[in-house]
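Working notes for the structure below.
Within every chain, numbering begins at 1; the chains are lettered A, B, ... in the order of the sequence lines, protein sequences first and strands thereafter.
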Amino acid sequence: MFPYPSGNIHMGHVRNYVIGDICARYHKLKGDEVIHPMGWDAFGLPAENAAIQFKTHPQDWTYQNIQNMKEQLKKLDLDIDWNREIATCSKDYYVHQQELFIELYNAGLAYKKDALVNWDPVDQTVLANEQVIDGKGWRTGAEVEKKKLSQWFFKITNYAEELLNGLDDLDLWPEKVKTMQKNWIGKSIGAEIKFEICENGNFLNIYTTRPDTIYGATFIAVSINHKIVSDNLDKDVIEDIKRNFASVNEAKEKLGVKLDIHCKHPILDKKIPVYIANFVLDTYGEGAIFGCPAHDERDFEFANKYSLPIIKVIECDDDELPYTGEGKVINSPLLNGLDKKDAIERVIKHFKKEGIGDKKVNYKLRDWGVSRQRYWGCPIPVIYYEDGSHRVLDKEELPVLLPYDVNLEGKGNALLKKEDWRKIICPKTKKVAFRETDTLDTFVDSSWYYMRFLNNKLGKPFDARQINELLPVDKYIGGIEHAILHLLYSRFFMKALRDIYGFKIDEPFKQLFTQGMITHKTYRTSDNQWVMPSEVVSKDGTLISVKTKEKIEEGPCEKMSKSKKNVIEPDEILSSYGIDATRIFMISDSPPDRELEWTDEGIQSSKNLIHRLERYFLRKKNIVDNNVNKNVEKFVFNIEKNILSFSLNKCVADIYTLFNYLEKTKTYLHNSDLSKKILTCIFPILPKLALSINKSLFDSNEFKHWPNVNANLLLEDKITLPIQIHGKLITTIDTKKGYSEEEIMESICKLDRVKNKIIDKKITKVINVQDKIINIITN
RNA sequence: GCGCCAGUGGCGGAAUGGUAGACGCGCUGGUCUUAGGAACCAGUGGGCAACCGUGGGGGUUCGAGUCCCUCCUGGCGCACCA
């Protein structure tokens, strides 16, 4: 995943890109065609905020950061093809994105509608859901308001079913990510039922997954934002109710307001009251439910509070109420005696016959709101006429360039104030028109960048032939924090563009690897001020601050973060430990998908290993051990296996194992062919070290091919066979593969440890797993 | 509350149902020295031993860290989703 150019690379980037680099270098040695690109997710709020804070321009700030971070990345010896570099804020990128927007619009996948959005009253902008934390703006801390605004949406819901089903085929994705996406899409199967409103004969739609409990329905509850509310109550009254609801949001206490209307029960001849309830979501289903207090916890709580009847319709004890489990239906003439599944089927059939309901599949997933009231983003290619109508531009009218010269002072979107940019004469109608001032969510930028990498200089977004040939991305590496947003949006884009451009590709990323975070101990003073690790020293067993000599408390290991000051700067590490030690430490202590704890001992021992390897190859050639070929062969085999399975921590163990063996047996390979093999295998992990040794031993500047593994050499002839009695290990015996059971049992029975165990016992059974283990069973 | 993942030495972690603890860190003892952010050698799950040991309890199996059931603990995600 490409980085956001925030200023400096951090250790998380280092780990991410080192893991990817090892894979890329390995596959190149295997002769595979490898595209290993890098780019910048360069639009977004932080640039604008920084620009205001430091009195610079978002573009200047961003490009300066890109330049800086590119230099830092280059120090990591990454085998990146910089010719493919893209920055999403460059017009060479976002202009093509405007074309995609037009295509999506023409395909009916982009549309405009009024919607309730998160509005930050301080920053005067809409915030994405993920930028709202506990109901407050992430940057301002201000209470976020719900505001109705006209917004652009992408119709991701059209693909809900396919996005869900497609997960089953992503067998190289972590289960966790797939589960998260599944939950986010949130498919449920239920029924939609029309309730007739007694007072006016209109209908109210509700969605339920439990139509089998319909006989237990004693009230209807709707969301405060439901249309029926504004039809029946004055604005001020609604505002009052909203305020009242907001006051108990945290406590989740059930609140309701009774409306002056009733619904007819769809089967029974009775009227049931309609409430506005604070626990009914306007964003799920129809924003309206029927309440069945006997078999739903929320309805039960609500019914008790407002003294509504509770009618039991699923068999259970009274003290079990609300009972939400399975059981036989009771008190329901049409459904009595049926189990849940049959009752649901039966009642839906009835509703269908009566024309008041049907089976309904519902998704939690909502359409993707892509409008942002911000300057630093991709302009949406739309214009508005003075009569309020709008027109999406034609491709020929592109590009809509983001103006550089804007006034970022003050609040709100700078584009709104940029009158000479906003106001145009529409070339088609010759009428006065105004450009759309909202820009696209940055997640749009990152939804298709992997396609642009295939040819970043093309005069159109991408070449369909190339997409078909090269996508999906074979290995995609990044943090799990993108599990839903970026990875779901990208999957949607792949499918939508497939349908528009006729690609044969359904999924953008074949294998997803989510690397773990890097953690570090935290330090704080007695008055709870965070302290940088580099400012802490140990003196006489206690930690003190270098600067103030204050006593320092050591806290738990946590994700590196600037706020807790427990960060290690890659630049400092690279200059004191070097690139090779830094790279190998990134994969040493933990499997790459788990947390890695940064420790001084860890990085130091990585550095020691690098020195050890350097020293080893300087030694005079001395090949004495006749197992050396076999051990090198095993090494090649294991490294390859472990790179392919992302078990990179085991690659490090493989290196130690090999060199422990070589040094133990005093086998020095110097410039032998075996050295070349070994160096080729460590090259993907430690390119600088491998190249420098390669230069001095072989006067060569490259590694050409990954060594072929000679499977015959891997076969062990001699084995140490474990001997068990009743499944417990007793001893081992050295033998050769292919021993005969009869002969070996004879020797085994002579072994003291075995003899003592089976003395005055009879062997009733011998389980011989040939060449693996022998288990002796006695009476 | 729902879902997912994970519990193995002092620590990070290895183990296609077949010798638990590879490899590293740390620690102990020793060697060497142009005193280093070294290097080298030996040792390092517990127990004097028989033996005991992979969160607890059951089960399947000749054999379980691994499979099944159940409980406990921790982490992550979602969360009034009807």
Q. How would you list, by chain and number, every residue that makes a ring pair (Phe, Tyr, Trp, His ring centres under 6.0 Å) with A/F219, sequence neighbours excluded?
A. A/F302
Could you go over nucleotides 34-38 of chain B and give all protein N or O partners under 3.5 Å, atom names and distances?
unit_1: B/rG37; atom_1: O2'; unit_2: A/Q604; atom_2: NE2; d: 2.9
unit_1: B/rG37; atom_1: N2; unit_2: A/Y577; atom_2: OH; d: 2.2
unit_1: B/rG37; atom_1: N3; unit_2: A/Q604; atom_2: OE1; d: 3.4

Q. What is the pairing partner of B/rG26, taking Watson-Crick or G-U wobble pairs with both distances under 3.5 Å in any strand?
A. B/rU44
Q: Write down the distance separating the P atoms in B/rG63 and B/rG18, rounded off to the nearest Å.
A: 15 Å
Q) Taking for each residue the nucleotide of RNA chain B with the nearest heavy atom, is it A/D282 or A/M180 whose nucleotide lies nearer the 5' end? A) A/M180
Q: Determine the contact category for A/V280: base if any of its heavy atoms lies under 4.0 Å from a base atom, sugar-phosphate if only primed atoms, P, OP1 or OP2 are that close, otherwise nothing.
A: base
**Q.** Test item: A/Y523 and A/L543 side chains (from C-beta on) under 4.5 Å apart, heavy atoms
**A.** yes
Q) Does A/K178 have a side-chain nitrogen or oxygen under 4.0 Å from the phosphate oxygens OP1 or OP2 of B/rG3? A) no
Q. On a whole-Å scale, what distance lies between the C1' atoms belonging to B/rU8 and B/rA20?
A. 8 Å
Q: Look at the side-chain N and O atoms of A/K559 and state whether any lies under 4.0 Å from the OP1 or OP2 oxygen of B/rC76.
A: no
Q. P atom, B/rU16 versus B/rC25: distance in rounded Å?
A. 24 Å
Q. Just checking A/K364: base, sugar-phosphate only, or nothing, at a heavy-atom cut-off of under 4.0 Å?
A. base
Q | Side-chain donor/acceptor of A/Y306 to backbone N/O of A/G256, under 3.5 Å | A | yes
**Q.** side-chain N/O A/Y207 vs B/rA82 OP1/OP2, d < 4.0 Å
**A.** no
Q: Sort out for me which residue in A/T657, A/V709, A/I682 forms a side chain to side chain contact (heavy atoms under 4.5 Å, CB included) with A/F635.
A: A/I682
Q: Could you classify B/rG30 for me, syn or anti, using a glycosidic angle within 90° of 0 as syn?
A: anti
Q) Between A/R619 (CZ) and B/rC40 (P), how many Å, whole number? A) 10 Å
Q) In whole Å, what separates the C1' atom of B/rG13 from that of B/rC71? A) 27 Å
Q.
Below the 4.0 Å mark, does B/rC51 have OP1 or OP2 next to a side-chain nitrogen or oxygen of A/R753?
A. no
Q: Return the value, rounded to whole Å, for the distance between atom CD1 of A/I276 and atom P of B/rA82.
A: 22 Å
Q) Once you round it to whole Å, what is the distance between P of B/rG13 and CG of A/D593? A) 10 Å
Q.
I want to confirm an ordering. Mapping A/I484 and A/G186 to their closest nucleotides on RNA chain B, which one lands closer to the 5' end?
A. A/I484
(Q) With rounding to the closest Å, how many angstrom separate the C1' atoms on B/rU54 and B/rU73? (A) 16 Å
Q: Identify the nucleotide, in any strand shown, that forms a Watson-Crick or G-U wobble pair with B/rC78, with both distances under 3.5 Å; if there is none, say none.
A: B/rG1
Q: Identify which nucleotide among B/rG12, B/rA14, B/rC80 has an atom closest to any side-chain atom of A/S590, counting heavy atoms from C-beta outward.
A: B/rG12
**Q.** Euclidean distance for P, B/rG53 against B/rC4 (whole angstrom)
**A.** 32 Å
Q: Kindly say whether the aromatic ring centers of A/F585 and A/W598 come within a distance under 6.0 Å.
A: yes
**Q.** Pair A/E633 + A/K630, salt bridge at N-O below 4.0 Å
**A.** no
Q) Below 4.0 angstrom, N of the basic side chain to O of the carboxylate: do A/K360 and A/E286 qualify? A) yes
Q. Reading nucleotides 15-24 of chain B from the 5' end, what letters show protein touch, with B for base, S for backbone sugar-phosphate only, - for no heavy atom under 4.0 Å?
A. SB-BBS-BSS
Q. Is A/D752 salt-bridged to A/K755, cutoff N-O under 4.0 Å?
A. yes
Q: Determine the interatomic distance between P on B/rA15 and the same-named atom on B/rG21; round to the nearest Å.
A: 13 Å
Q.
Salt bridge check, A/E663 against A/R612: does any charged N sit closer than 4.0 Å to a carboxylate O?
A. yes
Q: Name the pairing partner of B/rA50, where a pair is Watson-Crick or G-U wobble with both distances under 3.5 Å, or state none.
A: none
Q: Rounded to the nearest angstrom, tell me the gap between atom CZ in A/F290 and atom P in B/rA82.
A: 12 Å
(Q) Just to be sure I understand the rule, does A/K634 reach a base, reach only the sugar-phosphate, or reach nothing, if contact means heavy atoms closer than 4.0 Å? (A) nothing
Q) Centre of A/Y577's six-membered ring, under 6.0 Å away, within 45 degrees of the axis: is that where NZ or CZ of A/K607 sits? A) no
Q: Could you work out the separation of B/rG47 and B/rC68 based on their C1' atoms and round it to a whole Å?
A: 33 Å
Q. Are A/I777 and A/K762 close enough that some pair of their side-chain heavy atoms sits under 4.5 Å apart?
A. no
Q) Over how many whole Å does the gap from A/W173 atom CH2 to B/rC4 atom C1' extend? A) 16 Å
**Q.** Test: A/K187 cationic atom under 6.0 Å from A/Y363 six-membered ring centre, within 45° of axis
**A.** no
(Q) How many whole angstroms separate atom CG of A/L648 from atom C1' of B/rG12? (A) 16 Å
Q) Starting at CZ of A/F279 and ending at C1' of B/rA79, how long is that distance when rounded to a whole Å? A) 15 Å
Q: Can you tell me the distance, in whole Å, between the CE atom of A/M586 and the P atom of B/rG12?
A: 18 Å
